[in-house]
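As the structure is a prediction and not an experimental result, all values here were calculated from the model.
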Amino acid sequence: MIQKGDGDQKKIWAVDKPHWSDLIRDLMNDHLNMYTDISYTLSALENEVVKKTINDWLDTIDSRGDPLGNRVMFGTDFFMTERVKKESVLYELAKREIAPDWYEKISRGNPDRYLSKKPPQ
């Protein structure tokens with residue numbers, strides 16, 4: 001999801017292709033019961049490129065015709081995000097920067113559906 005940047009990130013992306021977010025997107029398209037969490041990625045939401053990429057990624061349509069955002073969760077790996085930002089700061093950032101229609105879905109609706117094994121809506 002994060003686009004090529006400066007310094008060490010450029011070196012990493014030059015070696016590590018395709019980007020992990022492309023791999024996850026492809027896996028989600030092939031495996032329609034697969035979910036992912038994007039909490040850690042959201043720690044870079046102040047970056048406009050990252051923000052646009054995340055919002056576009058949520059809107060990506062899978063092979064069933066549903067947006068990937070229906071199978072994305074936010075908040076399940078909070079212990080990883082604590083290394084970068086406090087959880088409360090990350091929640092406020094996500095609430096402000098993620099498209100409003102997605103925030104509620106990825107933070108509450110999708111985890112609830114995943115845990116209850118209800119089909120995507």
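- Minimum interatomic distance between Lys105 and Gly69 (heavy atoms only, all atoms of both residues): CD-O, 4.3 Å.
- Remark: Asp56 pairs with Lys52 by the salt bridge (Lys or Arg N to Asp or Glu O under 4.0 Å) rule, at least two apart or across chains.
- Closest approach of Ala94 and Phe74 over heavy atoms only: CB-CZ, 3.7 Å.
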Apply the test side chain to side chain contact (heavy atoms under 4.5 Å, CB included) to residues Ile24 and Met34: give CA-CA distance (whole Å), side-chain angles for both, the deciding distance (0.1 Å), then the verdict.
CA-CA 9 Å; Ile24 297 297; Met34 183 180 165; 4.2 Å; yes
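- Cluster annotation: Leu27 is connected to Leu58 through the hydrophobic network of ILVMFWY side chains, with a link wherever side-chain heavy atoms come within less than 4.5 Å.
- Partners of Arg108 by side chain to side chain donor-acceptor pair (under 3.5 Å), not counting sequence neighbours, listed by chain and number: Glu104.
- A pairwise comparison of heavy atoms in Trp57 and Arg25 identifies NE1-CB, 3.5 Å as the closest pair.
- Put simply, Ile61 and Met28 are part of two different groups of oily side chains (I, L, V, M, F, W, Y) that touch within less than 4.5 Å, one to the next.
- With sequence neighbours excluded, no residue forms a side chain to side chain donor-acceptor pair (under 3.5 Å) with Asn55.
- A donor-acceptor pair is defined here as one N or O able to donate and one able to accept, closer than 3.5 Å; such a pair exists between the side chain of Asn110 and the backbone of Val72.
- Arg71 has its side chain within reach of Leu32: a pair of non-hydrogen atoms, C-beta onward, lies under 4.5 Å apart.
- With sequence neighbours excluded, the residues that form a side chain to side chain contact (heavy atoms under 4.5 Å, CB included) with Asn29 are Asp62, Ser63.
- By the 4.5 Å heavy-atom criterion applied to side chains, Arg113 and Asn70 are counted as neighbours.
- Trp102 CH2 to Ile54 CD1: the interatomic distance, rounded to the nearest 0.5 Å, is 13.5 Å.
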